[in-house]
Amino acid sequence: MAEARRGQGYGRALLHAVESSAREAGESALELNVFGHNMAAIRLYASAGYDVITQQMRKSL
(Lines give C-alpha, C1' and ligand atoms only; values in the text may rest on other atoms or scores of the structure.)
Protein backbone atom coordinates (compact mmCIF):
# COMPACT_ATOMS: atom_id res chain seq x y z
CA MET A 1 0.00 0.00 0.00
CA ALA A 2 2.71 2.52 0.96
CA GLU A 3 4.65 1.77 -2.23
CA ALA A 4 1.61 2.75 -4.30
CA ARG A 5 1.61 6.18 -2.65
CA ARG A 6 5.30 6.98 -3.17
CA GLY A 7 6.14 9.92 -5.38
CA GLN A 8 2.77 11.61 -5.00
CA GLY A 9 4.02 14.48 -2.82
CA TYR A 10 2.63 13.40 0.53
CA GLY A 11 6.03 13.39 2.27
CA ARG A 12 6.92 16.82 0.88
CA ALA A 13 3.53 18.23 1.91
CA LEU A 14 3.91 16.81 5.43
CA LEU A 15 7.45 18.18 5.70
CA HIS A 16 6.22 21.63 4.61
CA ALA A 17 3.39 21.53 7.16
CA VAL A 18 5.78 20.60 9.98
CA GLU A 19 8.19 23.37 8.98
CA SER A 20 5.36 25.93 8.88
CA SER A 21 4.11 24.82 12.29
CA ALA A 22 7.62 25.03 13.76
CA ARG A 23 8.10 28.55 12.34
CA GLU A 24 4.76 29.67 13.79
CA ALA A 25 5.86 28.29 17.17
CA GLY A 26 8.97 30.48 16.98
CA GLU A 27 11.48 27.76 16.19
CA SER A 28 14.49 28.73 14.09
CA ALA A 29 15.64 25.27 13.00
CA LEU A 30 14.41 21.73 12.52
CA GLU A 31 16.54 18.57 12.79
CA LEU A 32 15.71 15.16 11.38
CA ASN A 33 17.18 11.69 11.82
CA VAL A 34 17.32 9.46 8.77
CA PHE A 35 18.82 6.01 8.25
CA GLY A 36 21.70 6.03 5.77
CA HIS A 37 20.05 3.39 3.59
CA ASN A 38 16.85 5.43 3.19
CA MET A 39 17.87 7.13 -0.04
CA ALA A 40 14.35 8.35 -0.87
CA ALA A 41 14.17 10.27 2.42
CA ILE A 42 17.72 11.59 2.02
CA ARG A 43 16.87 12.91 -1.45
CA LEU A 44 13.63 14.48 -0.16
CA TYR A 45 15.34 16.25 2.74
CA ALA A 46 18.27 17.41 0.59
CA SER A 47 15.92 18.83 -2.05
CA ALA A 48 14.04 20.65 0.74
CA GLY A 49 17.26 22.37 1.83
CA TYR A 50 18.38 20.15 4.72
CA ASP A 51 22.13 19.66 5.23
CA VAL A 52 23.98 16.76 6.87
CA ILE A 53 25.35 18.00 10.19
CA THR A 54 26.29 14.74 11.90
CA GLN A 55 26.97 11.20 10.77
CA GLN A 56 27.25 7.93 12.64
CA MET A 57 28.97 4.86 11.28
CA ARG A 58 28.80 1.26 12.40
CA LYS A 59 30.41 -2.05 11.54
CA SER A 60 28.98 -5.38 12.57
CA LEU A 61 31.64 -7.72 13.92
inquiry  = Other residues, nucleotides and ligands only: do more than 12 of their heavy atoms fall within 6.0 Å of CD on Q8?
reply    = yes
Residues that, via side-chain heavy atoms closer than 4.5 angstrom, fall in one hydrophobic cluster with F35 = none
task = Check whether Y10 and V18 end up in the same hydrophobic cluster, where Ile, Leu, Val, Met, Phe, Trp and Tyr are linked by side-chain heavy atoms less than 4.5 Å apart.
result = no
remark   = Distance col, row L32:CG vs I53:CD1, nearest 0.5 angstrom, shows 9.5 Å
When the side chains of residues 41-51 are checked against the rest of the protein, which donor-acceptor pairs come out under 3.5 Å, sequence neighbours left out?
residue : atom : partner : partner atom : Å
S47     : OG   : R12     : NH1          : 3.3
S47     : OG   : R12     : NH2          : 2.9
S47     : OG   : R43     : O            : 3.2
S47     : OG   : L44     : O            : 2.8
Y50     : OH   : E19     : OE2          : 2.6

message = Membership question, hydrophobic clusters at under 4.5 Å side-chain separation (ILVMFWY): are L15 and V52 in the same one?
response = no
